[in-house]
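Data block below; observations after.
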2 protein chains.
Amino acid sequence: MAKKLVPPQATIRRLSVYLRYLSSLENDGVKVISSADLATRLALNPAQVRKDLAYFGEFGKRGVGYSVKKLRDHIIKILGLQQVRSVAIIGAGGRLGRALALYTGFEKRNFKVKALFDIDNSVIGTTLAPEAGAVLHLDELPKIVKERNIEILILTIPAEAIKSVYDYVMLSGVKAVLNFAPFKLISTEDVVVHNVDLTTELESLSYHLRLKESGIDISPEENGIDDTGS
Amino acid sequence: MAKKLVPPQATIRRLSVYLRYLSSLENDGVKVISSADLATRLALNPAQVRKDLAYFGEFGKRGVGYSVKKLRDHIIKILGLQQVRSVAIIGAGGRLGRALALYTGFEKRNFKVKALFDIDNSVIGTTLAPEAGAVLHLDELPKIVKERNIEILILTIPAEAIKSVYDYVMLSGVKAVLNFAPFKLISTEDVVVHNVDLTTELESLSYHLRLKESGIDISPEENGIDDTGS
DNA sequence: AAGAGTTTGTGAAATTTTTCTGAAAGTTCG
DNA sequence: CGAACTTTCAGAAAAATTTCACAAACTCTT
């Protein structure tokens, strides 16, 4: 209850995971949950759950646990999810772009895809997702960002396209980017970037497979059972 | 040069990122790179780059740097990417499943989608991706895993489907799972799971947006004494 | 209402991960 | 060859994150 520190990025991600689980609990009619139960389900340490929450306040009741509904509401506020966040997809003509444009899971969480962009003339003008309007040329990004109040850009472009897209993105006025392109984009003062690299995910799994294959020695002695959350 | 520790999971992920960058350097004809240059491009500390590599051996040359080609080859070995890794997608009928089934980026990195599964009769039997054969019913998973030597399962199923898919997956004989379902799967002794949650990515971006919106500081002290609705 | 049993919140300890630093090794140039 | 640079390697220090452990707060039972 004294000094509040800056929560680690990992804490933020876990909050999102807690949120999802709390929603399902609420659905099941569960009223109260303890840090221990939460931790068990999510393969975490109970103290970590408590500490994660403690960065933001005292949400629990000693001897009882956390009210599912209240905790859920708090996390929604912490993550800024009360308001709808408008999203645009760049590279909407590609397969991943299309899949995300039509993914209904985002809306459930208050993210709305409000615009689609591409640079390929064969998709520009077509309608991929009713709600998001016709696919627009990337040229229009800054204008549309303002008009539709876009806050997050999702990049689903091929690696080669980064060069021609980068400036548009950084100057679009958008403050957050979720990059699926196989190319690490760096956050700046103005723009937070999260990179999600599908190949990296597979490659790190491959590493674990190699370890299990009974390590052909690349490093002398090692043994580790790693768990990765999200 | 003395004791080798278990490399952190974060190191493994960075290796994959180095690998990608090294490949592009090699493409550009660059022969040698220093940890400082690598670090600059990837927004890391040079010492971290060196330490990451040092977990696995001494790959550099003092006063010079790292041979791009050699380092690339080493990382490929470390990550177990010399051999083709066979992958299957469960939930291949969904949009994300289809997108991944057709994604060409995996093959470039030596991952081959060798089978597609679903439980929806309207997609079973259809051909979504030529190389991967017709979509099969999940029932056939264990058999096909053996036949086609599948090592990694990609899950692109809706949250509700987890219950009916979980046992198939854990008993399939596969040692690695990449889970895109909005539900945290926990690694076991036998099966390493990596969870990629698209909503979590957006939600943590939302958190950063909220921070920027409302000055630098998080919620003040008074964030509430909870009454746990009894 | 007292005692037994839970569970949170939190400072302190432990652990992990990152960064610093300086010696060692290599290169380049005069 | 020697001096001036460069850059890796690795031990030490620093920083960040996780886990421990226990007092405080609350519930429940008798």
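Proteins come first, then strands; the chains are lettered A, B, ... in the order of their sequence lines, and each starts at number 1.
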- [ ] Not counting sequence neighbours, which residues clear side-chain contact (heavy atoms from CB on, under 4.5 Å) with B:Asn45? List them please.
- [x] B:Ala47, B:Gln48
Solution key, residues 59-67 of chain B side-chain donor-acceptor pairs under 3.5 Å, sequence neighbours excluded:
unit_1: B:Ser67; atom_1: OG; unit_2: B:Lys70; atom_2: N; d: 3.1

Task: Residues in side-chain contact (heavy atoms from CB on, under 4.5 Å) contact with A:Ala92, at least two apart in sequence or another chain - done: A:Ile89, A:Leu116, A:Leu128
Open item on the list: Output the rounded distance in Å from CG (B:Leu53) to P (D:dA10).
Closed with: 12 Å
Task: side-chain contact (heavy atoms from CB on, under 4.5 Å) against B:Leu25, all qualifying residues, sequence neighbours excluded - done: B:Tyr21, B:Leu22, B:Val30, B:Ile33, B:Val68
TODO: List in numerical order all residues of residues 33-41 of chain A for which some heavy atom is under 4.0 Å away from an atom belonging to DNA chain C.
DONE: A:Ser34, A:Ser35
TODO: Report yes if at least one side-chain N or O of A:Tyr66 is closer than 4.0 Å to OP1 or OP2 of C:dT6; otherwise report no.
DONE: no
TODO: Report yes or no: do B:Ser206 and A:Arg85 form a side-chain donor-acceptor pair below 3.5 Å?
DONE: yes
TODO: Can you tell me which residue pairs pass the salt bridge (charged side-chain N to carboxylate O under 4.0 Å, His left out) test with a partner in residues 180-198 of chain A, sequence neighbours excluded?
DONE: A:Asp197-B:Arg20
Open item on the list: Rounding to 10°, can you tell me the angle the first-five-pair axis of the helix from C:dA1-D:dT30 to C:dG30-D:dC1 makes with its last-five-pair axis?
Closed with: 10°
- [ ] Could you state the atom-to-atom distance from CG of B:Leu5 to P of D:dA12 in whole Å?
- [x] 13 Å
Open item on the list: Could you tell me how far apart B:Phe56 (CZ) and D:dA10 (P) are, to the nearest whole angstrom?
Closed with: 14 Å
TODO: Look at A:Glu203 together with B:Arg13 and state whether they make a salt bridge at an N to O cut-off of under 4.0 Å.
DONE: no
Task: Value in whole Å for how far the P atom of C:dG26 lies from CZ of B:Phe59 - done: 17 Å
- [ ] If a pair satisfies side-chain hydrogen bond (donor to acceptor under 3.5 Å, both in side chains) and one of its residues is in residues 155-174 of chain A, list it, with sequence neighbours excluded.
- [x] A:Asp139-A:Tyr168
TODO: Hey, could you give me each pair passing salt bridge (charged side-chain N to carboxylate O under 4.0 Å, His left out) that has a residue in residues 25-51 of chain B? Not counting sequence neighbours.
DONE: B:Glu26-B:Arg72
- [ ] Go through the structure and list residues passing side-chain contact (heavy atoms from CB on, under 4.5 Å) with A:Val87, not counting sequence neighbours.
- [x] A:Phe111, A:Ile152, A:Ile154
Task: Per-nucleotide protein contact string for nucleotides 15-24 of chain D (B base, S sugar-phosphate only, - none; heavy atom under 4.0 Å) - done: --SSBBB--B
Open item on the list: If the condition is salt bridge (Lys or Arg N to Asp or Glu O under 4.0 Å), which residues does B:Lys69 pass it with, not counting sequence neighbours?
Closed with: B:Asp73
